[in-house]
Engineer: 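Okay, here's the structure, questions in a sec.
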Amino acid sequence: MTGSRGLLPQEFYARETLAVARDLLGKLVHRDGVVLRITEVEAYRWPDDTANHCRHGRTARNAPMWGTAGRAYVYLCYGLHNMLNVVTDQEGRGAAVLVRSCEPIEGLQTIRARRGDREGPELLTGPGKVGAALALDRGWSGHALFEPGGLELHDAPPVTGWLAGPRVGVQFASPQHVAAPWRLALPETRWVSQRRHLRPVTRPSCAPTR
DNA sequence: TCTACGATCTTT
DNA sequence: AAGATCGTAGAT
């Protein structure tokens with residue numbers, strides 16, 4: 001049912017961040033009976049991205065972002081939301097992709113139980129909801145997503161066509177980076193937040209930020 | 001140590 | 001438009 005093609009190899013992640021973000025759409029997150037299909041992501045690139053958590057250098061929190069690609073970076077936002085990121089690019093470069101929205105494929109009952117509802121919206125639109133559906137906390141930060149066990153990322157058929165637009169909640173960044181179209185989503189899905197700010201693109205612009 | 005604030009989400 | 005809720009970063 002999930003059409004699982006197995007774990008994504010570490011090389012998948014060790015590429016330019018916007019390319020990884022683009023290719024993560026449609027892939028599958030597995031975690032203890034729950035399977036989610038990634039429908040919306042944001043790229044936090046390196047260097048020259050003033051919205052990036054690594055913009056001030058290395059800290060205890062962002063340490064996984066500087067390491068090898070393919071690990072999780074999980075952090076607590078606004079004191080309540082655990083945000084799932086996938087570390088990208090080369091070691092020594094602080095870059096990652098934030099998973100913003102997912103379509104639930106399996107384990108809806110488990111997702112509801114984790115959220116504490118019996119029913120209610122199944123929409124996993126917004127990174128806080130994704131983290132809750134996967135029952136993530138900061139203990140998962142640094143976890144290898146390319147190895148079996150716990151939290152895994154699996155391959156799935158490639159998608160065609162994307163929506164692109166500005167990232168959410170980064171008003172503190174420089175105007176150039178506030179406007180940069182580094183949020184990507186699948187066009188055909190309902191699992192996308194703030195769709196009105198997204199526009200169809202034939203291919204996300206991958207101009208490097210060297 | 002101290003303090004301001006955030007890659008959010010829900011409710012009013 | 002604002003409240004919940006707390007770890008973190010940068011300043012002191």
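Letters A, B, ... mirror the listed sequences (proteins, then strands); counts begin at 1.
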Engineer: Of the listed nucleotides (dT8(C), dG6(B), dT10(B)), which one gets closest to any side-chain atom of R61(A)?
Structural biologist: dT8(C)
Engineer: Assign Y75(A) to base, sugar-phosphate, or nothing according to its heavy-atom contacts below 4.0 angstrom with the strands shown.
Structural biologist: base
Engineer: Below 3.5 Å, does any donor atom in the side chain of H53(A) face an acceptor in the base of dA7(B), or the other way round?
Structural biologist: yes
Engineer: In whole Å, I'd like the distance from the CD atom of E40(A) to the P atom of dA7(B).
Structural biologist: 16 Å
Engineer: What's the spacing between L18(A) CG and W182(A) CH2 if we round to 0.5 Å?
Structural biologist: 7.5 Å
Engineer: Do the side chain of D155(A) and the main chain of L8(A) share a donor and acceptor less than 3.5 angstrom apart?
Structural biologist: no
Engineer: Specify the separation, in whole Å, of atom CZ of F172(A) and atom P of dT8(C).
Structural biologist: 16 Å
Engineer: With a 4.0 Å cut-off on heavy atoms, is R167(A) in touch with a base, just the backbone sugar-phosphate, or nothing at all?
Structural biologist: nothing
Engineer: Once you apply the 3.5 Å cut-off to both distances, tell me the Watson-Crick or G-U wobble partner of dT5(C), or none.
Structural biologist: none
Engineer: Given atom CE of M65(A) and atom C1' of dT8(C), what is their separation to the nearest angstrom?
Structural biologist: 15 Å
Engineer: Please lay out, stage by stage, how V99(A) and N85(A) fare under the test side chain to side chain contact (heavy atoms under 4.5 Å, CB included).
Structural biologist: CA-CA 6 Å; V99(A) 178; N85(A) 293 255; over 6 Å; no
Engineer: Quick one: does R15(A)'s side chain get under 4.5 Å of D23(A)'s, heavy atoms only?
Structural biologist: yes
Engineer: According to the Watson-Crick and G-U wobble definitions, with both distances under 3.5 Å, which nucleotide is paired to dT12(C)?
Structural biologist: none
Engineer: If the P atom of dA2(C) is compared with that of dC5(B), how far apart are they to the nearest Å?
Structural biologist: 16 Å
Engineer: Just how far, in rounded Å, is P of dC6(C) from CG of N82(A)?
Structural biologist: 12 Å
Engineer: Taking the side chain of L80(A) as heavy atoms from C-beta outward, which of dA7(B), dA4(C), dT10(B) is closest to it?
Structural biologist: dA4(C)
Engineer: Name the residue from R167(A), R100(A), R190(A), K129(A) that meets the salt bridge (charged side-chain N to carboxylate O under 4.0 Å, His left out) definition with E40(A).
Structural biologist: R100(A)
Engineer: Picking from dC9(B), dG6(B), dA4(C), which would you name as closest to the side chain of H81(A)?
Structural biologist: dC9(B)
Engineer: With a 4.0 Å cutoff (strictly under), does any side-chain N or O of T59(A) reach OP1 or OP2 of dT8(C)?
Structural biologist: no
Engineer: Could you identify the nucleotide paired to dA7(B), looking across every strand shown and requiring Watson-Crick or G-U wobble geometry with both distances under 3.5 Å?
Structural biologist: none
Engineer: Is there a side-chain contact between R55(A) and the phosphate of dA9(C), meaning an N or O under 4.0 Å from OP1 or OP2?
Structural biologist: no
Engineer: Rounded off to whole Å, could you give me the CH2-to-P distance for the W182(A) and dA7(B) pair?
Structural biologist: 16 Å
Engineer: Side chain of R138(A), heavy atoms from C-beta onward: which of dT10(B), dG7(C), dT8(B) has the nearest atom to it?
Structural biologist: dG7(C)
Engineer: Please state how far atom NE2 in H56(A) lies from atom C1' in dC5(B), giving the value in whole angstrom units.
Structural biologist: 12 Å
Engineer: Tell me the interatomic distance from N52(A), atom CG, to dT8(C), atom P, rounded to whole angstroms.
Structural biologist: 17 Å
Engineer: Taking all non-hydrogen atoms of both residues, which atom of G94(A) and which atom of C54(A) are closest, and how far apart?
Structural biologist: CA-SG, 3.7 Å
Engineer: Rounding to an integer number of Å, can you tell me how far L76(A) CG sits from dA4(C) C1'?
Structural biologist: 12 Å
